[in-house]
There are 2 protein chains.
Amino acid sequence: MTKKTTIYDIAKELNITAATVSRALNNNPRISKNTRELVLAAATRMNYKQNKLALALKSGKSKNVGVVVPYINRNFFSSIIRGIEDELYPKGYHVIISQTHENKERELKIIQNLLNAQVDGILISTSYSTEEKDKLEPVLKKATPFIFFDRKLDFPDISSVTVDDYQGGFDATKHLIDQGCKRIAHFYVNNEIELYKNRLLGYKDALLQNGFEVIPEYVIPLKNDMEAGMEAAERLMNLLVPPDAIFSSTDYGLLGAVKYLQRLSISIPEDFCVVGFSNELFTQFMEPSISSVDQSPVEMGRMAAKVFLEQMDSEQSVKIHKNVMLPSKLVIRKSSSKMK
Amino acid sequence: MTKKTTIYDIAKELNITAATVSRALNNNPRISKNTRELVLAAATRMNYKQNKLALALKSGKSKNVGVVVPYINRNFFSSIIRGIEDELYPKGYHVIISQTHENKERELKIIQNLLNAQVDGILISTSYSTEEKDKLEPVLKKATPFIFFDRKLDFPDISSVTVDDYQGGFDATKHLIDQGCKRIAHFYVNNEIELYKNRLLGYKDALLQNGFEVIPEYVIPLKNDMEAGMEAAERLMNLLVPPDAIFSSTDYGLLGAVKYLQRLSISIPEDFCVVGFSNELFTQFMEPSISSVDQSPVEMGRMAAKVFLEQMDSEQSVKIHKNVMLPSKLVIRKSSSKMK
DNA sequence: TTGTACGCGTTATCAA
DNA sequence: TTGATAACGCGTACAA
């Protein structure tokens with residue numbers, strides 16, 4: 001229960017003033033070599049730690065940034081966070097992480113809390129859809145910079161870092177076409193988040209541009225989890241003309257579908273091809289390994305952090321903002337490798 | 001670039017003093033209903049947000065806790081963090097997450113930083129081994145409570161939450177024996193972390209208590225990743241008498257071994273059984289699914305948070321501490337199910 | 001080279 | 001019921 005040492009304690013110890021101690025500690029040139037050494041010695045001896053709170057209060061900069069994601073234990077998001085941290089840590093920033101569980105009220109509360117905590121910025125992958133974006137508007141009207149990543153909303157002054165979801169959807173579908181698949185179904189997550197719409201759009205365009213129709217029964221809305229994927233697959237396979245491929249907007253949903261297909265003894269990729277989205281870790285370890293669209297989450301995190309830092313550097317005068325779109329990369333594995 | 005509203009701004013607006021505003025905002029009874037309502041109205045109108053930094057400076061409590069883990073994008077650790085957050089968030093705490101990458105200097109720096117940031121506590125899974133624990137001692141001699149989870153060090157006054165690694169190692173090995181395996185090898189991570197030693201001990205005791213010898217060539221030290229596991233498996237299979245089972249202290253290492261065995265067309269579990277440790281997500285999705293010792297990470301996180309909260313509640317007088325050991329649970333899957 | 005005094009935003013104590 | 005003031009720990013302009 002030792003009380004924390006302050007510069008006043010050191011000052012008293014050495015019979016000087018706190019100001020002098022502060023100068024010694026901050027390499028201020030206006031101090032004698034002798035006192036500086038005395039202070040430094042006392043500081044280590046008394047186990048002094050600078051109180052960053054006081055500093056933050058004075059300077060108005062907390063050197064903390066908030067990071068808000070739906071779930072922290074999805075590999076995709078934890079990798080993004082890792083990228084953010086890697087970039088921000090060397091600059092002296094700390095990262096405060098919160099998860100919303102896709103709960104919008106909670107997301108709003110979290111943002112409020114972070115703002116109260118005087119974070120210098122908020123990097124967020126929002127659970128709000130474009131339709132509800134006005135609900136988020138009040139908190140964004142702040143001095144604190146916001147950066148959207150992955151799941152963004154369009155606000156005139158707010159930066160974003162996303163991946164090219166349309167291209168990802170297009171490439172995945174085109175790849176299935178190239179493999180000779182004729183009836184390509186699509187799983188799409190129906191929570192109104194824009195990026196899923198973009199993947200769907202890419203899917204549709206790839207079909208249309210290659211002489212296929214979009215068959216409504218083949219486009220299945222579902223929740224982003226394994227159980228939903230199993231049910232969706234069941235529904236598809238009970239159709240009069242079942243599909244021979246699935247491009248899924250979610251790896252977790254696809255996982256369920258694969259389990260279901262394997263139960264029916266349908267062989268992948270010979271009789272059925274699948275491609276997922278997000279390149280979750282398990283896709284490469286499964287048998288067969290699953291093709292998936294990679295969103296380079298670590299890169300995305302780094303980029304979001306860089307955009308934030310840029311914004312901090314130039315914040316005095318102009319309020320810059322920037323929308324970065326990273327390329328998506330289709331990773332082809334066994335599950336869609338019909339041809340050699 | 002709107003300046004943030006303070007209680008002074010509200011006070012000026014209403015021609016009262018900041019103290020009165022503070023009282024109104026904090027439901028202090030010593031205020032008239034009328035002024036309170038006036039203040040509250042002005043506060044929302046002016047978009048006032050309490051500056052928690054100032055509060056923290058005054059109260060000495062930042063309502064932040066630091067969480068330090070080796071890697072944030074391991075499912076095991078992100079699940080622990082999720083447990084911690086679930087428990088702490090409702091109590092008004094924020095979680096500051098840092099990862100050490102198993103780098104000890106960085107770990108020390110991170111701890112220093114967190115202390116500087118005036119966190120109310122630090123929950124940590126350390127990368128330091130028992131041999132080096134004195135290096136960590138200076139920072140622990142603080143008013144700030146520390147809680148070790150998963151990877152602990154023995155300090156007289158510091159709480160810890162761990163899983164019963166010895167029991168986990170024992171159960172896994174015993175299970176392999178029960179399956180009829182005769183030559184059980186062991187992968188063990190050689191970074192001097194205590195918990196790996198405990199798993200090794202459990203392995204040895206299970207063997208000895210069941211009439212088996214511990215064969216030194218079968219106990220392979222390795223790094224905690226897939227490549228190391230492949231090499232280790234190769235070494236084992238090139239022995240004059242190769243083993244017929246592996247109990248691995250790391251799922252990632254085991255993953256490499258399984259890949260190697262599959263390349264040799266050795267069928268699991270018929271000809272070779274394996275059991276891992278940590279119950280990483282991919283173990284259940286692989287073919288065959290991998291048996292593994294579950295450490296209930298979410299529970300571990302919750303428990304660590306609870307211990308921290310207890311400590312905070314009783315901190316005025318006695319410094320309590322507490323060592324919790326959670327049970328480990330062997331999850332049996334195909335990879336070790338020789339018998340029906 | 002060092003000391004004095006102030007302000008960051010808040011709450012608590014004392015006085016009015 | 002409200003106001004004035006001090007304090008939390010720090011950095012810094014100004015004065016000495």
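Computed from a predicted structure; not experimentally measured. All chains are named by letter (A, B, ...) in the order of the sequence lines, taking the proteins before the strands, and each is independently numbered beginning at 1.
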Answer yes or no: does a side-chain N or O of A:Q118 lie under 4.0 Å from OP1 or OP2 of C:dG9? no
Distance-only, no hydrogens or angles: does the A:Q99 side chain make a donor-acceptor pair with backbone N or O of A:I72 under 3.5 Å? yes
Does this structure show an ion pair linking A:E107 with A:K135, if we count only N-O contacts that are shorter than 4.0 Å? no
Send over the distance from A:L57 CG to D:dC8 C1', rounded to a whole Å. 9 Å
In whole Å, I'd like the distance from the NZ atom of B:K58 to the C1' atom of D:dA6. 8 Å
For DNA chain C, what residues of residues 23-44 of chain B have any heavy atom nearer than 4.0 Å? B:R23, B:N26, B:R30
Give the residues of residues 10-22 of chain B touching DNA chain C, defined as any heavy atom closer than 4.0 Å, sorted by residue number. B:A19, B:S22
side-chain hydrogen bond (donor to acceptor under 3.5 Å, both in side chains) partner of B:S159, the single match among B:Q311, B:H321, B:E310, B:K322: B:Q311
Rounded interatomic separation in angstrom, taking OH from A:Y48 and C1' from D:dG9: 8 Å
Can you list every side-chain hydrogen bond (donor to acceptor under 3.5 Å, both in side chains) pair that touches residues 35-44 of chain B, not counting sequence neighbours? B:S32-B:T35
Indicate, yes or no, whether a donor-acceptor pair under 3.5 Å links the base of D:dC8 to the side chain of A:Y8. no
Tell me the bend of the helix from C:dT1-D:dA16 to C:dA16-D:dT1 as the angle between end helix axes, each from five pairs, rounded to the nearest 10 degrees. 50°
How many angstroms lie between CD1 in B:I97 and CD1 in B:I110, if you round to the nearest 0.5 Å? 12.0 Å
Any side-chain heavy-atom pair of B:V139 and B:Q112 under 4.5 Å: yes
Could you state the CG-C1' distance from B:L55 to C:dA12, rounded to the nearest angstrom? 12 Å
Rounded to the nearest 0.5 Å, the CZ atom of B:R151 sits from the OH atom of B:Y128 at a distance of 13.0 Å
Interatomic distance, B:N116 CG vs D:dG9 C1' [rounded to whole Å]: 13 Å
Whole-Å distance between C:dG9 C1' and B:N51 CG? 6 Å
Please enumerate all residues that pass ring-ring contact (aromatic ring centres under 6.0 Å, His included) together with A:F308, with sequence neighbours excluded. A:Y93
Separation of atom NZ in B:K63 from atom P in C:dT10, rounded to whole Å: 18 Å
Return the set of residues passing ring-ring contact (aromatic ring centres under 6.0 Å, His included) with A:F155 (not counting sequence neighbours), or none when no residue passes. none
B:E194: which of B:T162, B:T126, B:T130 passes side-chain hydrogen bond (donor to acceptor under 3.5 Å, both in side chains): B:T130
Here's a test for you: under side-chain hydrogen bond (donor to acceptor under 3.5 Å, both in side chains), which of B:R302, B:K306, B:R82 qualifies with B:E87? B:R302
